[in-house]
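A short write-up of the structure that comes next.
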Number of protein chains: 2
Amino acid sequence: MSKPASPARAVTIHDVAAAAGVSKSTVSLVLQGSTLIRDETAERVREAARKLGYVYNRRAAELRSNSSRTIGVVINDLMNPFFAEVLVGLERKLVDAGYIVFMAHTSEDLRRQEQVLATMREQNIAGIALCPVLGTPQALLKTVKSWGIPLVVMVRPLGTSAYDYAGSDNEGGVALATAHLIARGHRHIAFLGGRRGPVFEQRLAGYKRALADAGIAFDEARVFAADPTREGAHDCTLAMLDSHAEVTAAACYNDLVAFGALSALGERGLRPGKDFAVMGFDNVLAAAHSNPPLSTVDVRPGALGEAAAALLLHRISAPGSAPSRYIATPHLVLRQSA
Amino acid sequence: MSKPASPARAVTIHDVAAAAGVSKSTVSLVLQGSTLIRDETAERVREAARKLGYVYNRRAAELRSNSSRTIGVVINDLMNPFFAEVLVGLERKLVDAGYIVFMAHTSEDLRRQEQVLATMREQNIAGIALCPVLGTPQALLKTVKSWGIPLVVMVRPLGTSAYDYAGSDNEGGVALATAHLIARGHRHIAFLGGRRGPVFEQRLAGYKRALADAGIAFDEARVFAADPTREGAHDCTLAMLDSHAEVTAAACYNDLVAFGALSALGERGLRPGKDFAVMGFDNVLAAAHSNPPLSTVDVRPGALGEAAAALLLHRISAPGSAPSRYIATPHLVLRQSA
DNA sequence: ACATTATTTTGGAACGATCCAATAATGCTT
DNA sequence: AAGCATTATTGGATCGTTCCAAAATAATGT
């Protein structure tokens, strides 16, 4: 009785106009908060809208005005809390700015990345924040540019040309971590975890630099590449412990790797921070309460996400401006593991 | 010279039609993969589209056809890896089904939740997957239903009426964990972490049931509510250790809490699994390589996300069908912490 | 070859908003 | 009270697609 059949036509701006006794243009203006309309009229319109249960159809609006308040965010590894924290910062800033985010997860799969980018393009989004999967061709920058969609690249650099980028000082950060290990008296230090790629090279460079600064010879055999996951790092650490008994400390590719190392050490009855020192990288939330709490280098993941959002928003509002970058300054945070 | 001024009007179905020498209707049909069009013609159209760099305007299409391939996902705490894993499973399944996801993060803020739901409504989405913030009124179910938007609730129940829901057997799971602790000979067992709410009550009930089954008296003083974060749990564990020296084991609200406990134990020089037993809940990825590896109850977070997606997709394709639920069966996974 | 049926193709009217130029109502001067 | 600037309001045209009923073309049977 009371409820009408469900496929009732949606109430539109037209209906509101009729109910309020004005034209649809007036309603449109009111909805946009225009000051052109007399307050009294505007109130009448809003009242009618409320009464009719009108809901704004942003899709229609955006089609006509050829604008968009949605931003695509593509993340490659949400299982890594670092990226989760970046995403949270990014999302918060974007919705505060009145945007809504399309989120896609690539799982380090290039094909999926291409697919989601294409899909997002069809959606006529206002911008893209991309953390490129390993092996993304540099040409992607040009491609997206040719689409006319503002883009900010996060975390992983993508070639040497100029583009908006939010990342951290990887070399400086790992240099800091390694130097700290050296200062604590360690001489046989491993570089642990991570897969070759731009970020890996930067961090490795920091490790090398710190060694060089201390006059310690770099030994290729002490760099242990492995999947930057807890599991990969755990297994790799175990192997390292067996084959390189002389190493007493590790500068890790990131916190995840460090956690894996912590686990492996515990398994061998070694006390991290006492029997073996481990330094992380990122300072994810979890680092403060691992067992033991992790010494690491802080790059403020959440702030990095916010910075990426800011860069993108700026690019959207000023498309012609020169590309800029946010490089997080790393800070040592010393806890118990080193 | 070669490049036209940037605000060049987008190439539309019209332009493609002209280039291919057919009508726009034909192009539309081809784009939808209709079998009505002769192969030869279709190929000609596709070729023209390619050549012109045509990009489908899904927004326009969806406006006309009043359909939608986007789904809103609202998550309350991405910092908790459990939710990140749920999200990944959910997202994967949804994009495989041809959807794209609007992601919003509420940070347990009711106002923000209302805001993002309203925004999503304006976007004319096909469905919503919601993990409600603590304190969400049950009425939200009715509200969303009145909007005509399919909804699946995740993780946290929302009242007693029938609705699509994906969660886990909280009571059974914690009962399992607690029973295991008892089997190991523990008699003074704490229930650690979490904030009062439906999930908390269910898990606490499991704890009580296991105690009762073993003929152990329940003692209210042994339940320690605290923010279900590493930090909250860490502090809470420390306090518990001081005030309740007799307890030798803890059934934790979730893995995050367990990790906090691990950290606190380490700080006190206690060896988890030897000096004090801790059981987690969820079995997030990190549990396999914590220090020590965490004994916990597995509810397969990723699968839970996928199940939520399946429920939602089903509801979308069969709006009238009876509400159904996915309740993950918990399985004990024993590692080193208990 | 012709009627009949099946296959392809098509033009205009939607979808629900915004834009813009034009009109109506109001306020201010003198 | 008329003239003029300001302020409010409005009707179409439009965004890029899909829908639908009808038209054109091809295939079939006799």
Side-chain angles (χ1 to χ4, degrees), chain A residues 7-46 48-49 52-70 119 121-126 147-148, chain B residues 7-46 48-49 52-70 119 121-126 147-148:
Chain A
R9 217 171 51 69
V11 15
T12 92
I13 212 182
H14 256 99
D15 307 319
V16 176
V22 296
S23 79
K24 61 184 160 36
S25 303
T26 302
V27 176
S28 174
L29 257 0
V30 171
L31 260 30
Q32 293 171 74
S34 165
T35 60
L36 278 181
I37 305 299
R38 203 202 291 142
D39 285 357
E40 179 188 298
T41 320
E43 195 42 58
R44 192 150 39 92
V45 168
R46 272 189 286 266
L52 294 182
Y54 169 77
V55 18
Y56 188 70
N57 186 330
R58 195 163 297 272
R59 199 161 260 157
E62 292 185 347
L63 170 60
R64 180 58 177 93
S65 64
N66 192 32
S67 68
S68 172
R69 292 302 261 179
T70 104
T119 305
R121 176 146 97 121
E122 291 186 347
Q123 303 278 353
N124 199 236
I125 61 189
W147 293 353
Chain B
R9 217 173 49 70
V11 15
T12 91
I13 214 180
H14 255 100
D15 306 318
V16 175
V22 296
S23 79
K24 60 182 162 36
S25 304
T26 303
V27 176
S28 174
L29 258 359
V30 171
L31 260 30
Q32 292 171 73
S34 164
T35 60
L36 277 181
I37 305 299
R38 203 200 291 142
D39 284 357
E40 179 186 299
T41 319
E43 193 43 56
R44 193 150 40 93
V45 167
R46 273 188 285 267
L52 295 181
Y54 168 77
V55 19
Y56 188 69
N57 187 330
R58 196 164 295 272
R59 204 160 254 159
E62 292 185 347
L63 169 60
R64 180 55 177 95
S65 65
N66 192 31
S67 67
S68 173
R69 291 302 260 178
T70 104
T119 305
R121 175 145 98 121
E122 292 186 346
Q123 303 278 353
N124 199 235
I125 61 189
W147 293 353

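In the text below, chain A, chain B and the rest are named by the order of the sequence lines, each starting its count at 1.
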* Structure fact -> Here the distance between atom P of C/dT7 and atom CD of B/Glu40, to the nearest Å, is 17 Å

* Asked: For B/Leu31, which contact category applies under a 4.0 Å heavy-atom criterion: base, sugar-phosphate, or nothing?
  -> nothing

* How long is the line joining CG of A/Leu63 and P of D/dT17, in whole Å? -> 9 Å

* Considering only side-chain heavy atoms of A/Thr41, which listed nucleotide, C/dG11, D/dT9, C/dT18, is closest? -> D/dT9

* To do: Output the single nucleotide from D/dT9, C/dA17, D/dT17 whose closest atom is nearest the side chain of A/Ile37.
  => D/dT9

* Asked: Whole Å only: how far is the CD atom of B/Gln32 from the P atom of D/dG16?
  -> 18 Å

* When you get a sec, tell me which of C/dG11, D/dC15, D/dT17 is the closest nucleotide to the side chain of B/Ser23? => C/dG11

* Asked: Counting side-chain heavy atoms from C-beta on, which of D/dG12, C/dG16, D/dT18 comes nearest to A/Lys24?
  -> D/dG12

* Check the distance between C/dC19's C1' and A/Asn66's CG and give it to me in whole angstrom. => 13 Å

* Nearest listed nucleotide, side chain of A/Thr26, among C/dT10, D/dT9, C/dG11 -> D/dT9

* Spacing of A/Asp39 atom CG relative to D/dT7 atom P, expressed in whole Å -> 14 Å

* Round to the nearest Å and state the distance from A/Leu36 atom CG to C/dA21 atom P. => 14 Å

* **Options D/dT10, D/dG11, D/dT14, nucleotide nearest the side-chain atoms of A/Arg64** => D/dT14

* Name the nucleic acid region contacted by B/Ser65, choosing base, sugar-phosphate or nothing; use a 4.0 angstrom heavy-atom cut-off, strictly under. => sugar-phosphate

